Amino acid sequence: MSPLSCGPRRCRSRASTGRRALRASRALGGLWRGAGCPTDLPRSAISGGAMLDIQFIRHNADRVRAAIKNKRLELELDDLLAADKERREITTLLEQKRARKNELSALIPKAGKDDRPRLVDEAKQTRSDIEQLEPRLAEVQRRFNDLMLRVPSLPRPEVPIGKGEDDNVEIRRVGTPRTFDFTPRDHVDLMTSLGLIDWDGPRKFAGGRSYALVGDGALLEMAILRLAVDTLIDRGMMLVSPPVLVKERAMMGTGYFPLGVEQAYAVPADELFLVGTSEVPLVSLHCDDTLELAALPIRYAGISPCFRREAGAHGKDTRGIYRVHQFMKVEQVVFCPPDEAVAEKLHYELLGNAEAILAKLEIPYRVAIACTGEIGLGQTRKHEVESWMPGRSAYSETHSCSTLGDFQARRSNIRVRLEDGTLSYPYTLNNTAVASPRILIPLLENHQNADGSVTLPEALVPYMRGKDKLLPR
RNA sequence: GGAGGAGUGGCCGAGCGGUCUAAGGCAGCGGUUUUGAAAACCGCCGUACCGGCAACGGUACCAGGGGUUCGAAUCCCUUCUCCUCCGCCA
């Protein structure tokens, strides 16, 4: 076996004679390596734990290759298969040596004076053989692990094959965009004239894409978040306010790393990262756990600030608050049994929750299924909810609903005990409930009046201290 | 940040250099007994990887990592986590 390939709790990667273990298990963690810091990778990520089971990959190479191509990833599957083969060869050899070593250790105390020196000599030789093999295995294992973390999950059959946004397929539209009998303003104008935001202050001390919600602007954000929270609690979800500063393993475990490292803010001094969504801590809440089948599904509603570097988005969506570095989000996360039918049902339940919130906010939207080129490494299916934004004269993404299969559970070492006592991996799903300030764009733009005021949807009024209209200053 | 203490299987807890694939207990599963249940008794009762159609075999795992040794749960170093006290602090 490869000492590295063990997963769960009791099994550690103590290569070999025990102690002089290989370092391969750490191979993945390299981000902080330079600083000589220990990485804290999900042990599962080390073995079968990446995304698909290596055995599955071996037997379904063509399907995996197709997924790599359709998701537009760069990964040579043959490199992985070669590393896997090499890794198993060395492992076999190493285990034979170790078996002999164990045998000798048992013989030595029983051996007579005459035989003893001979046996000790052989044991020394065997140990030195082992010590030679270990670094070789460590190297291969490192290569193997790194590649494993880049293997995508397989898109479900209904996911359209395509390259980009334009290949997403619209499923339905709900609500009708208003026709204005005046020239509608965009959210930037509205927020400015309504005094909901301070643009200039933050940019002096916090940089580009920063902003400060002020007065009713700040209250409005809280009102919307609170409306979303209440809606989800009513629908049976457990509210969680999780840590947003997390270890690398959480980012790796949820699939945001290694491919998305450049999107996350890092805190090198403490080897921590700021999450881009509470999905990361919510899923990680159960890392290394074995869940009881009866406890599933687990429905969480996370509320947290979210941080995204938006690297590579220079010059994109720079006007207003569409794309910012820090925002607030209520996110839904579900753990469900490893059953496609149940996952399907829950996926639409989450989508339904998001739609219910949009309905309360009285915002027209459409739902689209994202094509293979637009879904992430781990997602097997993703729906986007796009809200109508008059200022853009377009539907733009405000929500994203994903099924991940067992991708995150494997990486995060989250398991479930089935009826027959066997262990499996639960499926995870997630969906935005509401994200602010982006949601303010359709909210304000759709509900504006000719005089520059904005009429608030009824559902928000109680959360706005009774205020039902925002007036220009 | 400083000073102490602790980390063993689902849980409690023994072990402190070789027979540990870890005593004992609890919980769980199967059985005997019983009208039924309880009790008692008997047995089973970790995970992962590699090889194998399978039966099965091998390896690894006593918080993580490194070291000493022919051999480590046991010795040394180190990291992490938890607890107690002190300091600082929203």
Side-chain angles (χ1 to χ4, degrees), chain A residues 1-29 32-33 35-50 53-59 83-111 113 115-131 133-135 137-138 140-141 144-145 148 245 247-249 269-272 287-292 294-295 410 413-417 419-425:
Chain A
M1 81 154 270
S2 106
L4 315 165
S5 40
C6 29
R9 28 202 66 182
R10 306 206 49 214
C11 174
R12 234 29 4 114
S13 46
R14 260 247 313 249
S16 102
T17 53
R19 277 54 199 314
R20 55 206 81 221
L22 311 183
R23 305 225 69 243
S25 59
R26 314 259 103 192
L28 311 163
W32 303 118
R33 178 74 26 67
C37 301
T39 63
D40 190 8
L41 245 232
R43 340 228 221 238
S44 55
I46 285 151
S47 66
D53 189 353
I54 182 61
Q55 309 221 28
F56 175 89
I57 297 172
R58 283 204 286 265
H59 295 125
D84 175 46
K85 184 158 176 275
E86 200 180 337
R87 160 188 153 260
R88 283 182 295 153
E89 284 166 0
I90 300 177
T91 297
T92 305
L93 209 61
L94 190 54
E95 288 185 355
Q96 285 166 357
K97 291 288 180 190
R98 293 212 267 246
R100 180 59 181 159
K101 187 204 73 173
N102 289 343
E103 214 176 336
L104 289 167
S105 301
L107 287 172
I108 287 171
K110 294 180 204 153
K113 289 264 189 309
D115 293 335
R116 203 173 170 114
R118 204 193 74 236
L119 293 174
V120 170
D121 278 353
E122 191 189 341
K124 282 184 175 169
Q125 181 56 48
T126 305
R127 187 176 78 182
S128 117
D129 291 347
I130 290 170
E131 282 170 350
L133 287 169
E134 282 174 346
L137 180 60
V140 180
Q141 190 72 42
F144 174 78
N145 290 339
M148 277 299 275
L245 202 50
K247 295 184 184 185
E248 183 185 11
R249 69 165 298 190
D270 295 294
E271 302 161 44
L272 296 170
C287 65
D288 297 335
D289 283 355
T290 297
L291 305 171
E292 289 307 321
R410 282 181 177 278
N413 191 29
I414 301 167
R415 295 180 300 167
V416 59
R417 193 177 297 280
E419 295 99 329
D420 61 3
T422 59
L423 292 169
S424 184
Y425 295 97

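Keep in mind that what you see is a predicted model, and the values were worked out from it rather than measured. Proteins come first, then strands; the chains are lettered A, B, ... in the order of their sequence lines, and each starts at number 1.
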Report yes if the side chains of [X] and [Y] come closer than 4.5 Å at any heavy-atom pair, otherwise no.
X        : Y        : answer
A:Lys101 : A:Leu104 : no
A:Lys247 : A:Leu272 : yes
A:Lys124 : A:Val120 : yes
A:Ser424 : A:Val416 : yes

Using both distances under 3.5 Å as the test, list the Watson-Crick or G-U wobble partner of [N], or none.
N     : value
B:A23 : none
B:C75 : B:G67
B:G57 : B:C50
B:C62 : none
B:G4  : B:C83
B:U32 : B:A40
B:C16 : none

[atom1] atoms of [N] and [M], separation to the nearest Å:
N     : M     : atom1 : answer
B:C45 : B:C29 : C1'   : 7 Å
B:C11 : B:G46 : P     : 14 Å
B:G4  : B:U74 : C1'   : 24 Å
B:C70 : B:C86 : P     : 49 Å
B:G17 : B:A73 : C1'   : 11 Å
B:G28 : B:G65 : C1'   : 35 Å
B:C12 : B:G7  : P     : 12 Å
B:A22 : B:U47 : C1'   : 16 Å

Output the single nucleotide from [options] whose closest atom is nearest the side chain of [X].
X        : options             : result
A:Lys247 : B:U69, B:C80, B:U47 : B:C80
A:Lys124 : B:A48, B:G58, B:C70 : B:C70
A:Arg88  : B:U47, B:C50, B:G18 : B:C50
A:Arg58  : B:U69, B:G51, B:A48 : B:G51
A:Arg98  : B:U47, B:U69, B:A60 : B:A60
A:Arg87  : B:C49, B:G71, B:G51 : B:C49
A:Thr92  : B:C70, B:C50, B:U59 : B:C50
A:Asn102 : B:U59, B:C70, B:G51 : B:U59

Can you list the steps and then say if A:Gln125 with A:Asp121 is a side chain to side chain donor-acceptor pair (under 3.5 Å)? CA-CA 6 Å; A:Gln125 181 56 48; A:Asp121 278 353; over 6 Å; no
Per nearest nucleotide of RNA chain B, the residue lying toward the 5' end, A:Ala123 or A:Leu423, is A:Leu423
RNA chain B nearest-nucleotide lookup for A:Gln96 and A:Asp121: closer to the 5′ end is A:Gln96
**Asked** Hey, does A:Ile108 reach any base, or is it just sugar-phosphate, or nothing, if we go heavy atoms under 4.0 Å?
**Response** base
Given atom [atom1] of [X] and atom [atom2] of [N], what is their separation to the nearest angstrom?
X        : N     : atom1 : atom2 : result
A:Arg417 : B:A48 : CZ    : C1'   : 14 Å
A:Leu137 : B:U59 : CG    : P     : 16 Å
A:Asp289 : B:G10 : CG    : P     : 12 Å
A:Glu292 : B:C11 : CD    : P     : 13 Å
A:Lys97  : B:A60 : NZ    : P     : 15 Å
A:Arg410 : B:A48 : CZ    : C1'   : 13 Å
A:Gln125 : B:C70 : CD    : P     : 13 Å
A:Leu133 : B:A60 : CG    : C1'   : 16 Å

Heavy-atom closest pair (A:Leu133 atom, A:Ile90 atom, distance to 0.1 Å) is O-CG2, 4.2 Å
Report task. Kindly indicate, with the supporting measurements, whether the criterion side chain to side chain contact (heavy atoms under 4.5 Å, CB included) is fulfilled by A:Lys97 and A:Leu93. Result -> CA-CA 6 Å; A:Lys97 291 288 180 190; A:Leu93 209 61; 5.6 Å; no
Exercise. Would you mind checking if A:Glu89 and A:Lys85 are paired as a salt bridge, meaning a charged N to carboxylate O distance below 4.0 Å?
Key: yes
OP1 or OP2 of B:U59 less than 4.0 angstrom from a side-chain nitrogen or oxygen of A:Arg100, does that happen here?
-> no
